[in-house]
Undergrad: 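I have a structure I would like to understand better, so I am pasting it below and will then ask my questions one at a time.
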Amino acid sequence: MKNRKKKIVIVGGGLAGLALAMKFCERNGEVTVVSYQSLKRSHSVCAQGGINAAIDAKNEGDTPEKHFYDTIKGGDFLAHQPLVRDMCYQGPTIIHLMDRMGVAFNRTGEGHLDFRRFGGTLYNRTAFAGATTGQQLVYALDEQVRRHVHDGSAKTLEWHEYLGAVLDSEGICRGAVIHDLRTDEIYTLKADAVVLATGGPGQVYGRSTNSVVNTGAAATTAYMQGAKFANGEFIQIHPTAIPGQDKLRLMSESARGEGGRIWVPRDANDNRNPREIPENERYYFLEEKYPLFKNLVPRDVACREIYDIVYNQNLGISGDPMVYLDLTHKSKEFLDNRLGGILDIYTKFTGVDPRVTPMKIFPAVHYSMGGLWTDYGPDSHGLIDHGSPKNQMTSIQGLYAAGEVDYQYHGANRLGANSLLSCIYTGLMMARGVMNYVDSLEKSVDDIPSTIFDDARSHWESRFNDIKNMNGSENPHKLHHELGDIMLANVLIVRDNKSLEKASHAIEDIETRFKDVKCLDTTDWANPSPSFINQLYCMIHLSKIIAKGALMRDEFRGSHYKPDFDLHQPKDFDPHEYIDYLEQKQYGEVTEEKFPSGHLDYMKRFQENNEKWLKTTVAQYKNNQPEITYEEVNTSLVTPRPRKYD
């Protein structure tokens, strides 16, 4: 098989998919990129603020090792450490690669790459192209893939939907079932491997910062075909978005990285124009509570503080669930140069110029740290063997996942600007491993009986015919809206088991009502209704994974906040005390007198909690329900410890 040209199908045209397509073609492979929409409209273009790499352009003493520690700490130590370390060490190379490809990164006056600060770190390590970084990166990689399309080694299928994997009699993935969204034709593509790079599941929550195509359907289909789904309960809520009835529009963390300040009036009844409220009557609550990191605490921390201000302290603007994000102290020239893209979005959708008037913002569903379970092959240096066929492979042999759709890089909470890095990194890193996997196959896809592909196509043709014949009383779009409301009300920033049980029962009710859905359009040409109904079915099952995982995980970790299980870290606690405690415990020297009052008890509870819950949640599809188990996290490089951002 080493002499035949290897061919793979990549589902998704965002950063992970494009990076892999480019790298695989460079290795003399053949690629078919399948995209639900135009490649240049993939959701990666919506990323605004930047991409992380510890290049230390400002001579602050930043290093990839510090980037690695910040990422692991930011994710509350729930990520596999060799993968994260390798990603952070590859970061500078990736930035320079994208720079050479023509990405219009902002520059200093001397012409060097410029960097700004993002949340969860004290270093300026985020390279950026104004406030449209994701778009610039996608366009650069798209150009590279178009070159391979011209040369004949790549093919793109835009406006095509992935329905499922083609599995042979041994359960090995041998191709993909594809749906032409224009003609309604369903057919199969043969491949040596299939890679899902389909992004996140924000539409499960109805309203989010995600594109409306981000349903999570491809990942859920893989889960229902036997792939494991990991850490589904860890959903990132972004602290700053424009509230809206239709969707929630992101206001990038870069606004705070460039000096934006979050505040509310100290008087809950103060309805004055924010520009008329003097400094001493403004409550800069993040700056006061977190004097070291200030407005750039990690996203999970910022969200909880905003939630507390609005719902517990009742200090939301004019009684509404909103706080101010203020950039008015910066010059118009500065803001237009570095944040023009997002400021124009705010002006367009609110009619208010944020250069003059503080923005009104509130947290919104933004990202999924969880996703399809994937494997990896470590090397002997605490990094990754880039040639391992295991890298990014799901529990279905031959089916891979990359980018936001996999779970491995961000633990319980993602740091801002690490998403673009992880997407490009996974795409570039896994190419050699996929090549080696194809070389290791005993049978070529060409040796697989055609009936395997015929049966897969027939299954999905039958499925869509059944959907078109659905003639019940339920409107699928209203049902989706109800599902989103259930998730927003019960599985968001603050969680409790009573609400999570309520959500689980409500989701079961939604699933029952789904059987009575009416297919609103049964025509065969450019008809999105059957596809949406199939996606809704997937979203129902994905919401089960999220809700059940959250219900079973009785702890407070990262974005998963259950106040009932908060360990209540002492205010004067220093995380280094925990390392001292572990060393003393190892030698049997721990005594109460060696630590401040209450600290030893807290550290014992923290250790007990980690022994029970510092584990990956793994969901498997059994009897129409997610069966939850847990597996160990690789913490071989940095000892897990309590987080603190004061």
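Excluded from the calculations below are hydrogen atoms, water molecules and symmetry mates; all remaining heavy atoms, backbone and side chain alike, are included. For this chain, numbers begin at 1 and follow the sequence in order.
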Undergrad: Could you tell me whether Arg272 and Asp270 make a salt bridge, using a distance below 4.0 angstrom between a side-chain N and a carboxylate O?
TA: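 Looking at Arg272 and Asp270, the cut-off is met.
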Undergrad: Is the shortest distance from a Lys or Arg side-chain nitrogen in Glu305 or Lys289 to a carboxylate oxygen in the other one below 4.0 Å?
TA: yes
Undergrad: Write out all pairs satisfying salt bridge (charged side-chain N to carboxylate O under 4.0 Å, His left out) with one or both partners inside residues 560-573, taking only residues at least two apart or from two chains.
TA: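 Sorted result for residues 560-573: Asp554-Lys562.
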Undergrad: Are more than 12 heavy atoms from other residues, nucleotides or ligands located less than 6.0 Å from atom NZ of Lys294?
TA: no
Undergrad: Looking at Tyr645, is Lys73 sitting on its ring face, NZ or CZ under 6.0 Å from the six-membered ring centre and within 45 degrees of the normal?
TA: yes
Undergrad: Only pairs at least two apart or in different chains count here, so list each side chain to side chain donor-acceptor pair (under 3.5 Å) that has a residue in residues 94-105.
TA: Asp99-Arg107
Undergrad: Under the rule for ring-ring contact (aromatic ring centres under 6.0 Å, His included), what residues qualify as partners of His366, not counting sequence neighbours?
TA: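 Testing His366 for ring-ring contact (aromatic ring centres under 6.0 Å, His included), a comparison that skips the adjacent residues, returns His238.
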Undergrad: Enumerate the residue pairs fulfilling salt bridge (charged side-chain N to carboxylate O under 4.0 Å, His left out) with a member in residues 132-141, sequence neighbours excluded, ordered by first and then second residue.
TA: none
Undergrad: Tell me which pairs pass ring pair (Phe, Tyr, Trp, His ring centres under 6.0 Å) where either residue lies in residues 300-344, with sequence neighbours left out.
TA: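 Those involving residues 300-344 are Trp263-Tyr324, Tyr307-Tyr311.
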Undergrad: Restricting to non-hydrogen atoms, name the atom on Leu421 and the atom on Asn52 that form the minimum distance, rounded to 0.1 Å.
TA: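 For Leu421 and Asn52, the tightest heavy-atom pair comes out as CD2-O, 3.5 Å.
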Undergrad: Keeping to residues at least two apart or across chains, list the ring pair (Phe, Tyr, Trp, His ring centres under 6.0 Å) pairs with something in residues 115-136.
TA: none
Undergrad: Any Lys/Arg nitrogen of Asp70 or Lys66 sitting under 4.0 Å from an Asp/Glu carboxylate oxygen of the other?
TA: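 Not counted as a salt bridge, because no side-chain N and carboxylate O are separated by less than 4.0 Å.
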